[in-house]
Amino acid sequence: ARHGQPDGYARHAGQLRRNHGETHHAAAFAPALKTTGKPMKNLAIFDLDNTLINIDSGHAWLAFLIKKMPDDAAQTEAQNEKFYRDYQNGCLDIDAFCKFHLAPLARYSKEELAEFHREFMAEYIIPHISPMQRMLVQSHQMAGDETLVISSTNEFIITPICHLFGITNIIGTQLETGTDGRYTGNYIGTPSFREGKITRLNQWLAERGETLESYGKTYFYSDSKNDLPLLSLVNEPVAVNPDAELEQEAKEKGWPVLNFK
């Protein structure tokens, strides 16, 4: 953890704990009980970019595509960098970003995109996953927790990445498919960004006939101040590779801070 472990870190079940240079699962924690006396399942929610992977997959995908579209490289790269800075500064226009980011998907068939994605994963994603990030997810899975990724990045990009971790509950910005079977370049529904993550989480829970109260503990791991709405909603928020604003918020509120970079 950055600047050492925060106070109370060892109280959080399902998280990794450092002890004399070794990492293990902190499991000595009494589970919450339903009125029936049966233990309640926990829900571990993860952001993806710069949380489970040490890179922004959406930003990296455009960098990858620039190599496939050299004629548009200068303009596309400049716009990609602008949107990334806006995200980091907390002033991203999510609608404009989605239109820019999704437009290239309409140029290719889903079969071509699947092949591109395999190349993308090997070159840009897998090298940026640390053993500690894999172990964090595994610790929750081994504890029997439900695991879920919620990312503002679109579902095409994030789904295969989440599958690397064995996570099948995945919420990303949803893509529209045309009658020809190709992506149209438009999104549908609410983008899973800022407060939109709460909207999409509640939709996911409703489809399962659940609420957050259906779970004993609800964890959310994130790197970004953009996720403060959801971090403030769960009962076990954890900052991972945090930006300056989130790190300060975590210090003030006593949230655990993990650093995998």
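Computed from a predicted structure; not experimentally measured.
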Legend entry - His117 and Phe120 aromatic ring geometry - parallel, tilted or perpendicular at 30°/60° bounds: perpendicular

Legend entry - Distance in Å, Ile125 CD1 paired with Ile157 CD1, rounded so as to fall on 0.5 Å steps: 8.5 Å

Inset, instruction - Determine whether the side chains of Lys110 and Thr177 contain a donor N or O and an acceptor N or O closer than 3.5 Å. - result: yes

Legend entry - Option passing side chain to side chain contact (heavy atoms under 4.5 Å, CB included) with Val149 (candidates Ile45, Leu48, Ile171, Asp47): Leu48

Inset, instruction - Determine whether the side chains of Asp95 and Tyr187 contain a donor N or O and an acceptor N or O closer than 3.5 Å. - result: yes

Inset, instruction - Fit a plane to each ring of Trp61 and Phe116, take the angle between them on a 0 to 90° scale, and name the class: parallel (under 30°), tilted (30 to 60°) or perpendicular (over 60°). - result: tilted

Inset, instruction - Step by step, work out the salt bridge (charged side-chain N to carboxylate O under 4.0 Å, His left out) result for Glu123 and Lys67. - result: CA-CA 12 Å; Glu123 184 176 351; Lys67 296 195 302 184; 2.7 Å; yes

Legend entry - Short side-chain donor-acceptor distance under 3.5 Å, Lys261 and Asn50: yes

Inset, instruction - Indicate the atoms forming the closest heavy-atom contact of Leu228 with Glu249, along with that distance. - result: CD2-CG, 3.7 Å

Inset, instruction - For residues Gln174 and Thr190, determine if any side-chain heavy atom of one lies less than 4.5 Å from a side-chain heavy atom of the other. - result: no

Inset, instruction - Report the distance from atom OG of Ser130 to atom CG of Asn259, rounding to the nearest 0.5 Å. - result: 9.5 Å

Legend entry - Modelled atom types, side-chain donor and acceptor of Tyr124 and His59, under 3.5 Å: no

Legend entry - Residue pairs passing the side chain to side chain donor-acceptor pair (under 3.5 Å) test where at least one lies in residues 200-212, sequence neighbours excluded: Glu146-Arg208, Arg208-Glu210, Arg208-Tyr215, Glu210-Tyr215, Thr211-Glu213

Inset, instruction - Go through the side-chain N and O atoms of Asp227 and Ser222 and say whether any donor and acceptor fall under 3.5 Å apart. - result: yes

Legend entry - Distance-only donor-acceptor check, side chains His128 and Asn54, under 3.5 Å: no

